[in-house]
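Reading through the structure tokens given below for one structure.
Side chains are part of it too, since the values below use all heavy atoms of this structure and drop only hydrogens, waters and symmetry mates.
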Amino acid sequence: MSDTQASTQEGASAPAADLLERIRRHRRHTLELLTVCALGLVPWTVLLAMTLPAVYEVRQWRVTWVGFDALLMVAMAATALLGWLRHRAVIVSATATAVLLICDAWFDVSLAFGTPGVWLSAVLAACVELPLAFYLIRRVTGMISLAQWPAAKAATAAADSSRQPARPDA
């Protein structure tokens, strides 16, 4: 391999190495932030459990629930539209829809405890909201796996080609 070929390969790999290092640093910082936040929520949750009243009169009950269901409807519609358009942003909207469905099931059931409506809430959560949420999560993980497969294959091929012995100059 000539000196110019070697320096070209080193020059091309330097920006890639810098990019990889920035990605690793960003990932580490994100994980550190999430760890601190999760640990910070522990005492906050304990404080809430000890200080929140058992009964609380809620203002704007109708606005809250209609607003939440409108948000869920927009998330579902966005997921459907992005899916029909085959846009990769469907991954984000499907994940948001799944999270909203899980939250909806939780709030429907937990706020209906002690009332006759708890059974309908539990049935809807178990038969509609949670199955749809888990279906969406499963589809998203499948899409992510498929999206990464060609990139992983290309990266493996590039790594294999860089390991091949160089042709001797004639």
Is the [atom1] atom of [X] crowded by more than 12 outside heavy atoms at less than 6.0 Å?
X: Trp65; atom1: CH2; value: yes
X: Tyr135; atom1: OH; value: no
X: Arg27; atom1: CZ; value: no
X: Glu32; atom1: CD; value: yes

Quick one: [atom1] on [X] to [atom2] on [Y], what's the gap to the nearest 0.5 Å?
X: Met50; Y: Thr45; atom1: CE; atom2: OG1; answer: 12.5 Å
X: Asp69; Y: Asp104; atom1: CG; atom2: CG; answer: 5.5 Å
X: Leu130; Y: Leu124; atom1: CG; atom2: CG; answer: 10.5 Å
X: Ile137; Y: Thr97; atom1: CD1; atom2: OG1; answer: 10.5 Å

Would [X] and [Y] show up in the same hydrophobic cluster when neighbours are defined by side-chain heavy atoms closer than 4.5 Å?
X: Trp84; Y: Val90; value: no
X: Leu72; Y: Leu111; value: yes
X: Ile144; Y: Leu146; value: no
X: Phe113; Y: Trp106; value: no
X: Met73; Y: Val99; value: no

query = Of Thr79, Leu81, Val74, which is the lone residue that meets side-chain contact (heavy atoms from CB on, under 4.5 Å) with Ser93?
reply = Thr79
ask   = Considering the options Leu100, Leu101, Leu136, which one meets the side-chain contact (heavy atoms from CB on, under 4.5 Å) requirement together with Met76?
value = Leu101
query = Under a 4.5 Å cut-off applied to non-hydrogen side-chain atoms, are Glu129 and Asp108 in contact?
reply = yes
ask   = How about Tyr56 and Val58: do any of their side-chain heavy atoms sit closer than 4.5 Å?
value =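 Result yes, sub-4.5 Å side-chain heavy-atom pair found.
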